[in-house]
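Have a look at the structure below before the remarks.
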Amino acid sequence: MKNNKHRLIERKLRTVEKRLIDLITNMGYLKGRSHKASEITAHIYIHQEATQKILRKLTGYSLGTISTALQALEKQGVVNKHSDPDTHEYHYELDGTISQIGFRSLTDVQRYLSQMKEFFREIEAKLSHPHLSTKKGYENIRRFLDEMNTLIPAYERVMQRFQTFTSDFKPKREV
Amino acid sequence: MTSSKVSQDPHRFDPEIRQIEQEIVEFFAEKSPEFTGRHPIIATVLTYFDIRRSLTQQDLQDLTGFSAGTISKSVRQLVDMNLITKETIPGSHKHIYRMEKLPFTSARYFFRTEKLLEEMEKELKEMKDTLDTHAEEMKDIKGYQKIYTTITQLLELISTMPTFMALIDEEIGKFIKENK
(Lines give C-alpha, C1' and ligand atoms only; values in the text may rest on other atoms or scores of the structure.)
Protein backbone atom coordinates (compact mmCIF):
# COMPACT_ATOMS: atom_id res chain seq x y z
CA MET A 1 0.00 0.00 0.00
CA LYS A 2 2.78 2.38 1.03
CA ASN A 3 4.78 1.33 -2.04
CA ASN A 4 1.82 2.04 -4.29
CA LYS A 5 1.47 5.53 -2.84
CA HIS A 6 5.20 6.13 -3.25
CA ARG A 7 5.03 5.02 -6.88
CA LEU A 8 2.08 7.32 -7.49
CA ILE A 9 3.90 10.28 -5.98
CA GLU A 10 7.04 9.50 -7.95
CA ARG A 11 4.98 9.31 -11.14
CA LYS A 12 3.48 12.72 -10.29
CA LEU A 13 6.99 14.17 -9.92
CA ARG A 14 8.10 12.66 -13.23
CA THR A 15 5.02 14.17 -14.90
CA VAL A 16 6.00 17.60 -13.58
CA GLU A 17 9.58 17.01 -14.78
CA LYS A 18 8.33 16.07 -18.25
CA ARG A 19 6.09 19.16 -18.39
CA LEU A 20 9.03 21.32 -17.32
CA ILE A 21 11.28 19.83 -20.01
CA ASP A 22 8.57 20.43 -22.61
CA LEU A 23 8.07 24.01 -21.43
CA ILE A 24 11.80 24.88 -21.54
CA THR A 25 12.15 23.09 -24.90
CA ASN A 26 9.28 25.14 -26.27
CA MET A 27 10.84 28.36 -24.91
CA GLY A 28 14.08 27.53 -26.75
CA TYR A 29 12.25 26.62 -29.94
CA LEU A 30 10.35 29.92 -29.87
CA LYS A 31 13.66 31.72 -29.42
CA GLY A 32 14.87 30.12 -32.65
CA ARG A 33 16.87 27.20 -31.31
CA SER A 34 16.46 23.82 -32.99
CA HIS A 35 14.10 21.43 -31.19
CA LYS A 36 16.96 19.07 -30.30
CA ALA A 37 19.22 21.84 -28.99
CA SER A 38 16.29 23.21 -26.96
CA GLU A 39 15.64 19.83 -25.36
CA ILE A 40 19.31 19.36 -24.49
CA THR A 41 19.27 22.85 -22.93
CA ALA A 42 16.19 21.90 -20.90
CA HIS A 43 17.96 18.89 -19.40
CA ILE A 44 21.04 20.97 -18.58
CA TYR A 45 18.83 23.58 -16.87
CA ILE A 46 17.24 20.94 -14.67
CA HIS A 47 20.26 18.75 -13.94
CA GLN A 48 22.60 21.76 -13.69
CA GLU A 49 25.51 19.53 -14.66
CA ALA A 50 25.85 16.61 -17.08
CA THR A 51 28.23 14.70 -19.32
CA GLN A 52 27.58 14.01 -22.99
CA LYS A 53 26.82 10.37 -22.15
CA ILE A 54 24.24 11.33 -19.53
CA LEU A 55 22.58 13.69 -22.02
CA ARG A 56 22.52 10.94 -24.63
CA LYS A 57 20.77 8.68 -22.13
CA LEU A 58 18.27 11.40 -21.22
CA THR A 59 17.42 12.55 -24.74
CA GLY A 60 18.28 9.61 -27.00
CA TYR A 61 20.10 11.98 -29.37
CA SER A 62 23.44 11.12 -30.97
CA LEU A 63 26.70 12.24 -29.35
CA GLY A 64 27.31 14.44 -32.40
CA THR A 65 24.03 16.32 -31.90
CA ILE A 66 24.72 16.67 -28.19
CA SER A 67 28.28 17.86 -28.74
CA THR A 68 27.15 20.53 -31.24
CA ALA A 69 24.42 21.78 -28.89
CA LEU A 70 26.85 21.93 -25.95
CA GLN A 71 29.43 23.83 -27.99
CA ALA A 72 26.78 26.42 -28.85
CA LEU A 73 25.70 26.70 -25.20
CA GLU A 74 29.33 27.10 -24.15
CA LYS A 75 29.84 29.87 -26.71
CA GLN A 76 26.76 31.66 -25.39
CA GLY A 77 28.03 31.43 -21.81
CA VAL A 78 25.18 29.18 -20.66
CA VAL A 79 27.49 26.32 -19.63
CA ASN A 80 31.16 25.87 -18.89
CA LYS A 81 33.01 22.60 -19.11
CA HIS A 82 35.64 20.98 -16.95
CA SER A 83 37.41 17.67 -17.30
CA ASP A 84 37.02 14.96 -14.65
CA PRO A 85 40.59 14.03 -13.58
CA ASP A 86 39.61 10.38 -13.05
CA THR A 87 37.48 9.63 -16.10
CA HIS A 88 38.84 12.43 -18.36
CA GLU A 89 35.24 13.00 -19.31
CA TYR A 90 33.96 16.56 -19.78
CA HIS A 91 31.31 17.78 -17.36
CA TYR A 92 29.09 20.61 -18.57
CA GLU A 93 27.91 22.82 -15.76
CA LEU A 94 25.28 25.55 -15.84
CA ASP A 95 27.14 28.88 -15.50
CA GLY A 96 25.10 30.47 -12.72
CA THR A 97 21.40 30.38 -11.91
CA ILE A 98 18.84 30.52 -14.71
CA SER A 99 18.00 34.14 -13.79
CA GLN A 100 21.69 35.10 -13.86
CA ILE A 101 22.11 33.47 -17.27
CA GLY A 102 18.95 35.22 -18.49
CA PHE A 103 20.09 38.64 -17.27
CA ARG A 104 23.56 38.06 -18.68
CA SER A 105 22.18 37.16 -22.08
CA LEU A 106 20.29 40.45 -22.12
CA THR A 107 23.53 42.24 -21.33
CA ASP A 108 25.18 40.39 -24.19
CA VAL A 109 22.55 41.91 -26.45
CA GLN A 110 24.26 45.27 -25.83
CA ARG A 111 27.49 43.86 -27.28
CA TYR A 112 25.48 42.46 -30.16
CA LEU A 113 23.90 45.85 -30.84
CA SER A 114 27.26 47.54 -30.80
CA GLN A 115 28.68 45.00 -33.30
CA MET A 116 25.59 45.53 -35.45
CA LYS A 117 26.16 49.29 -35.47
CA GLU A 118 29.73 48.85 -36.58
CA PHE A 119 28.74 46.37 -39.27
CA PHE A 120 25.95 48.59 -40.59
CA ARG A 121 28.40 51.50 -40.88
CA GLU A 122 30.41 49.36 -43.33
CA ILE A 123 27.25 48.42 -45.21
CA GLU A 124 26.17 52.08 -45.37
CA ALA A 125 29.54 52.96 -46.91
CA LYS A 126 29.11 50.29 -49.57
CA LEU A 127 25.55 51.30 -50.31
CA SER A 128 26.41 54.99 -50.58
CA HIS A 129 27.93 54.65 -54.07
CA PRO A 130 25.58 56.81 -56.18
CA HIS A 131 25.34 54.27 -59.02
CA LEU A 132 23.66 51.77 -56.67
CA SER A 133 20.65 53.90 -55.77
CA THR A 134 18.81 53.01 -58.98
CA LYS A 135 19.62 49.31 -58.83
CA LYS A 136 17.03 46.61 -58.24
CA GLY A 137 16.92 45.69 -54.56
CA TYR A 138 18.49 48.96 -53.36
CA GLU A 139 15.22 50.09 -51.76
CA ASN A 140 14.96 46.85 -49.77
CA ILE A 141 18.42 47.22 -48.28
CA ARG A 142 17.88 50.96 -47.70
CA ARG A 143 14.60 50.39 -45.83
CA PHE A 144 16.14 47.63 -43.73
CA LEU A 145 19.08 49.85 -42.75
CA ASP A 146 16.81 52.81 -41.97
CA GLU A 147 14.69 50.66 -39.66
CA MET A 148 17.71 49.19 -37.95
CA ASN A 149 19.28 52.65 -37.55
CA THR A 150 16.18 53.75 -35.66
CA LEU A 151 15.76 50.57 -33.68
CA ILE A 152 19.32 50.00 -32.48
CA PRO A 153 19.56 53.21 -30.38
CA ALA A 154 16.06 52.54 -29.01
CA TYR A 155 17.08 49.01 -28.05
CA GLU A 156 20.29 50.29 -26.49
CA ARG A 157 18.22 52.52 -24.22
CA VAL A 158 15.96 49.57 -23.33
CA MET A 159 18.95 47.41 -22.43
CA GLN A 160 20.63 50.12 -20.36
CA ARG A 161 17.45 50.77 -18.39
CA PHE A 162 16.73 47.08 -17.96
CA GLN A 163 20.25 46.46 -16.73
CA THR A 164 19.72 49.11 -14.05
CA PHE A 165 16.48 47.37 -13.09
CA THR A 166 18.06 43.89 -12.86
CA SER A 167 21.02 45.12 -10.81
CA ASP A 168 18.49 46.52 -8.32
CA PHE A 169 16.32 43.41 -8.62
CA LYS A 170 18.90 40.71 -7.83
CA PRO A 171 20.10 41.81 -4.37
CA LYS A 172 16.51 42.25 -3.19
CA ARG A 173 15.70 38.66 -4.12
CA GLU A 174 18.89 37.27 -2.60
CA VAL A 175 18.40 38.86 0.83
CA MET B 1 28.41 29.48 -58.86
CA THR B 2 27.63 33.07 -57.96
CA SER B 3 26.11 33.86 -61.35
CA SER B 4 23.77 30.86 -61.13
CA LYS B 5 22.66 32.07 -57.70
CA VAL B 6 22.07 35.57 -59.07
CA SER B 7 20.10 34.29 -62.06
CA GLN B 8 17.87 32.37 -59.65
CA ASP B 9 17.18 35.45 -57.57
CA PRO B 10 13.35 35.54 -57.28
CA HIS B 11 13.25 39.34 -57.14
CA ARG B 12 16.07 39.83 -59.65
CA PHE B 13 18.18 41.95 -57.34
CA ASP B 14 21.16 43.61 -58.97
CA PRO B 15 24.34 41.50 -58.46
CA GLU B 16 26.08 44.26 -56.45
CA ILE B 17 23.02 44.67 -54.22
CA ARG B 18 22.76 40.91 -53.91
CA GLN B 19 26.39 40.86 -52.73
CA ILE B 20 25.59 43.41 -50.01
CA GLU B 21 22.52 41.43 -49.02
CA GLN B 22 24.59 38.26 -48.70
CA GLU B 23 27.04 40.07 -46.41
CA ILE B 24 24.12 41.09 -44.17
CA VAL B 25 22.76 37.54 -44.16
CA GLU B 26 26.18 36.09 -43.30
CA PHE B 27 26.61 38.59 -40.45
CA PHE B 28 23.36 37.50 -38.80
CA ALA B 29 23.97 33.80 -39.51
CA GLU B 30 27.24 34.10 -37.60
CA LYS B 31 26.35 36.53 -34.83
CA SER B 32 22.78 35.62 -34.00
CA PRO B 33 23.62 32.07 -32.79
CA GLU B 34 26.38 33.48 -30.57
CA PHE B 35 24.33 36.24 -28.97
CA THR B 36 20.77 34.96 -29.08
CA GLY B 37 21.13 31.18 -29.40
CA ARG B 38 19.18 31.24 -32.63
CA HIS B 39 20.05 28.46 -35.09
CA PRO B 40 22.18 29.71 -38.03
CA ILE B 41 19.63 28.42 -40.58
CA ILE B 42 16.79 30.22 -38.79
CA ALA B 43 18.92 33.39 -38.63
CA THR B 44 19.67 33.13 -42.36
CA VAL B 45 16.05 32.62 -43.43
CA LEU B 46 14.84 35.33 -41.06
CA THR B 47 17.29 37.89 -42.47
CA TYR B 48 15.95 37.27 -45.98
CA PHE B 49 12.48 38.08 -44.63
CA ASP B 50 13.85 41.21 -42.90
CA ILE B 51 15.05 42.43 -46.28
CA ARG B 52 12.58 40.98 -48.79
CA ARG B 53 9.42 40.64 -46.66
CA SER B 54 7.48 38.20 -48.96
CA LEU B 55 8.93 34.88 -50.04
CA THR B 56 7.82 31.39 -51.10
CA GLN B 57 9.61 28.23 -50.01
CA GLN B 58 11.02 27.94 -53.56
CA ASP B 59 12.36 31.53 -53.35
CA LEU B 60 14.11 30.66 -50.11
CA GLN B 61 15.61 27.51 -51.60
CA ASP B 62 16.97 29.56 -54.50
CA LEU B 63 18.38 32.24 -52.23
CA THR B 64 19.93 30.01 -49.59
CA GLY B 65 20.68 26.75 -51.37
CA PHE B 66 19.12 24.87 -48.43
CA SER B 67 17.07 21.74 -49.15
CA ALA B 68 13.26 21.79 -49.45
CA GLY B 69 12.98 19.96 -46.11
CA THR B 70 15.22 22.44 -44.30
CA ILE B 71 13.28 25.39 -45.70
CA SER B 72 9.94 23.83 -44.85
CA LYS B 73 11.05 23.25 -41.25
CA SER B 74 12.48 26.77 -40.98
CA VAL B 75 9.38 28.59 -42.20
CA ARG B 76 7.20 26.46 -39.90
CA GLN B 77 9.38 27.49 -36.95
CA LEU B 78 9.29 31.18 -37.96
CA VAL B 79 5.48 31.01 -38.19
CA ASP B 80 5.41 29.36 -34.72
CA MET B 81 7.67 32.16 -33.48
CA ASN B 82 5.08 34.61 -34.83
CA LEU B 83 7.72 36.37 -36.92
CA ILE B 84 6.11 35.66 -40.29
CA THR B 85 2.63 34.72 -41.52
CA LYS B 86 1.57 32.12 -44.07
CA GLU B 87 -0.92 32.85 -46.84
CA THR B 88 -2.23 30.82 -49.76
CA ILE B 89 -1.53 32.33 -53.17
CA PRO B 90 -5.01 32.81 -54.73
CA GLY B 91 -5.79 30.28 -57.44
CA SER B 92 -3.02 27.92 -56.40
CA HIS B 93 -2.08 25.52 -53.64
CA LYS B 94 1.17 27.36 -53.04
CA HIS B 95 1.93 29.46 -50.01
CA ILE B 96 3.62 32.76 -49.58
CA TYR B 97 5.22 33.77 -46.30
CA ARG B 98 5.23 37.38 -45.21
CA MET B 99 6.85 39.60 -42.64
CA GLU B 100 4.68 42.70 -42.47
CA LYS B 101 7.24 44.72 -40.57
CA LEU B 102 10.30 44.02 -38.46
CA PRO B 103 9.13 41.95 -35.46
CA PHE B 104 10.58 44.45 -32.97
CA THR B 105 8.28 47.09 -34.39
CA SER B 106 5.17 44.96 -34.51
CA ALA B 107 2.57 45.45 -31.80
CA ARG B 108 1.10 42.06 -32.72
CA TYR B 109 4.45 40.38 -32.04
CA PHE B 110 4.70 41.92 -28.58
CA PHE B 111 1.11 41.12 -27.74
CA ARG B 112 1.76 37.46 -28.58
CA THR B 113 5.01 37.43 -26.56
CA GLU B 114 3.23 38.86 -23.52
CA LYS B 115 0.48 36.27 -23.85
CA LEU B 116 3.02 33.49 -24.16
CA LEU B 117 4.85 34.65 -21.05
CA GLU B 118 1.56 34.72 -19.14
CA GLU B 119 0.82 31.15 -20.21
CA MET B 120 4.28 29.98 -19.20
CA GLU B 121 4.00 31.69 -15.82
CA LYS B 122 0.62 30.05 -15.23
CA GLU B 123 1.95 26.61 -16.10
CA LEU B 124 5.04 27.04 -13.93
CA LYS B 125 2.88 28.14 -11.00
CA GLU B 126 0.73 25.03 -11.43
CA MET B 127 3.84 22.84 -11.36
CA LYS B 128 5.13 24.65 -8.28
CA ASP B 129 1.76 24.17 -6.56
CA THR B 130 1.92 20.41 -7.22
CA LEU B 131 5.42 20.24 -5.74
CA ASP B 132 4.44 22.38 -2.74
CA THR B 133 1.33 20.30 -2.06
CA HIS B 134 3.29 17.04 -2.07
CA ALA B 135 6.53 18.43 -0.64
CA GLU B 136 6.66 16.05 2.33
CA GLU B 137 6.20 12.93 0.19
CA MET B 138 8.35 14.11 -2.73
CA LYS B 139 11.31 15.80 -1.08
CA ASP B 140 13.42 12.64 -0.85
CA ILE B 141 12.71 11.46 -4.39
CA LYS B 142 15.66 11.89 -6.74
CA GLY B 143 15.46 15.11 -8.72
CA TYR B 144 12.82 16.86 -6.60
CA GLN B 145 15.08 19.66 -5.41
CA LYS B 146 16.53 20.34 -8.87
CA ILE B 147 13.09 20.43 -10.48
CA TYR B 148 11.84 22.75 -7.74
CA THR B 149 14.86 25.06 -8.11
CA THR B 150 14.44 25.22 -11.90
CA ILE B 151 10.77 26.15 -11.60
CA THR B 152 11.51 28.82 -8.98
CA GLN B 153 14.31 30.36 -11.02
CA LEU B 154 12.22 30.42 -14.20
CA LEU B 155 9.40 32.11 -12.31
CA GLU B 156 11.87 34.67 -11.01
CA LEU B 157 13.14 35.38 -14.51
CA ILE B 158 9.64 35.63 -15.98
CA SER B 159 8.61 38.04 -13.21
CA THR B 160 11.05 40.62 -14.63
CA MET B 161 9.63 40.40 -18.14
CA PRO B 162 6.70 42.84 -17.69
CA THR B 163 9.27 45.52 -16.81
CA PHE B 164 11.27 44.63 -19.91
CA MET B 165 8.18 44.75 -22.11
CA ALA B 166 7.13 48.09 -20.58
CA LEU B 167 10.56 49.55 -21.40
CA ILE B 168 10.27 48.33 -24.98
CA ASP B 169 6.81 49.80 -25.21
CA GLU B 170 8.12 53.13 -23.94
CA GLU B 171 11.28 53.33 -26.06
CA ILE B 172 10.03 51.69 -29.24
CA GLY B 173 6.31 52.45 -28.94
CA LYS B 174 6.70 55.76 -30.75
CA PHE B 175 8.31 53.96 -33.66
CA ILE B 176 5.53 51.35 -33.68
CA LYS B 177 2.84 54.05 -33.85
CA GLU B 178 4.64 55.92 -36.61
CA ASN B 179 4.79 52.76 -38.70
CA LYS B 180 1.22 51.61 -38.26
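Here is the naming used below: chain letters follow the sequence lines, and residue numbers restart at 1 for every chain. Values below: all heavy atoms of this structure, side chains included; hydrogens, waters and symmetry mates excluded. Computed from a predicted model, the values in this text were never measured in an experiment.
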I'd like to know if [X] pairs up with [Y] as an ion pair, taking the criterion as any Lys NZ or Arg NE/NH1/NH2 lying under 4.0 Å from an Asp or Glu carboxylate oxygen.
X      : Y      : answer
A/R19  : B/E126 : yes
A/R157 : B/E170 : no
A/E147 : B/R53  : yes

Are side-chain heavy atoms of [X] and [Y] found at a separation under 4.5 Å?
X      : Y      : value
A/Y155 : B/I172 : yes
A/K12  : B/T130 : yes
A/Y29  : B/M81  : no
B/I17  : A/E139 : no
B/L157 : A/I101 : no
A/V16  : B/I151 : yes
B/H39  : A/K36  : no
A/L30  : B/N82  : no

For [X], is it the side chain, the backbone, both or neither that has a heavy atom under 4.5 Å from a heavy atom of chain B?
X      : value
A/M159 : side chain
A/L132 : both
A/Q115 : both
A/L73  : neither

Option that, when pairs with chain A are counted at under 4.5 Å, heavy atom only, ranks first among [options]:
options                     : value
B/H11, B/M120, B/E34        : B/M120
B/E119, B/R52, B/E23, B/K73 : B/E23
B/L167, B/L116, B/I41       : B/L167
B/I42, B/L78, B/D80         : B/D80

Distance-only polar pair, side chains of A/T97 and B/Q153, donor-acceptor under 3.5 Å: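 Distance-only check fails for A/T97 and B/Q153.
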
Could you tell me which portion of [X] (side chain, backbone, both or neither) has an atom closer than 4.5 angstrom to a non-hydrogen atom of chain A?
X      : answer
B/M165 : neither
B/H134 : side chain
B/K142 : both
B/T149 : side chain

Mutual orientation of the aromatic rings belonging to A/Y112 and B/F28 [parallel < 30°, tilted 30-60°, perpendicular > 60°]: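 If you compare the ring of A/Y112 with that of B/F28, the planes turn out perpendicular.
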
Intermediate values then yes/no, side-chain contact (heavy atoms from CB on, under 4.5 Å), A/Y138 and B/D14: CA-CA 8 Å; A/Y138 173 87; B/D14 175 85; over 6 Å; no

If I take atom [atom1] from residue [X] and atom [atom2] from residue [Y], how far apart are they, to the nearest 0.5 angstrom?
X      : Y      : atom1 : atom2 : answer
A/I141 : B/R18  : CD1   : CZ    : 9.5 Å
A/K135 : B/I20  : NZ    : CD1   : 11.5 Å
B/D50  : A/F144 : CG    : CZ    : 5.0 Å
A/H131 : B/E16  : NE2   : CD    : 3.5 Å
B/I141 : A/E17  : CD1   : CD    : 11.0 Å
A/Q48  : B/T150 : CD    : OG1   : 5.5 Å

Steps toward side-chain contact (heavy atoms from CB on, under 4.5 Å) verdict (B/I147, A/R14): CA-CA 10 Å; B/I147 295 167; A/R14 295 300 152 223; 4.1 Å; yes

Which heavy atom in [X] sits nearest to a heavy atom in [Y], and how many Å separate them?
X      : Y      : answer
B/E171 : A/R161 : OE2-NH1, 2.9 Å
A/F165 : B/T160 : CE2-CB, 3.7 Å
A/S99  : B/E156 : OG-OE1, 2.5 Å

Hey, quick one: are [X] and [Y] part of the same hydrophobic cluster, counting side-chain heavy atoms closer than 4.5 Å, chains of contacts allowed?
X     : Y     : answer
A/L63 : A/Y90 : no
B/V79 : B/Y48 : yes
B/I84 : B/I96 : no

Residue selection (most heavy-atom pairs with chain B, distance under 4.5 Å) from A/I123, A/I24, A/V78, A/L20: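 Heavy-atom pair counts peak at A/L20.
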
Leading residue by heavy atom contact count with chain B [cutoff under 4.5 Å; candidates A/K31, A/H129, A/K75, A/E10]: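 Answer, by heavy-atom pair count under 4.5 Å with chain B: A/K31.
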
Steps toward salt bridge (Lys or Arg N to Asp or Glu O under 4.0 Å) verdict (B/K31, A/E118): CA-CA 13 Å; B/K31 299 290 178 185; A/E118 201 178 311; over 6 Å; no

Any donor-acceptor pair under 3.5 Å from B/E21 side chain to A/N140 backbone: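 No, the answer is negative, given that no donor and acceptor are paired below the 3.5 Å cut-off.
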
Donor-acceptor pair, side chain of B/K146 and main chain of A/H47, under 3.5 angstrom: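 A pair under 3.5 Å: yes.
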
Over 12 non-hydrogen atoms of neighbours within 6.0 angstrom of CZ in B/F66: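 Yes, enclosed.
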
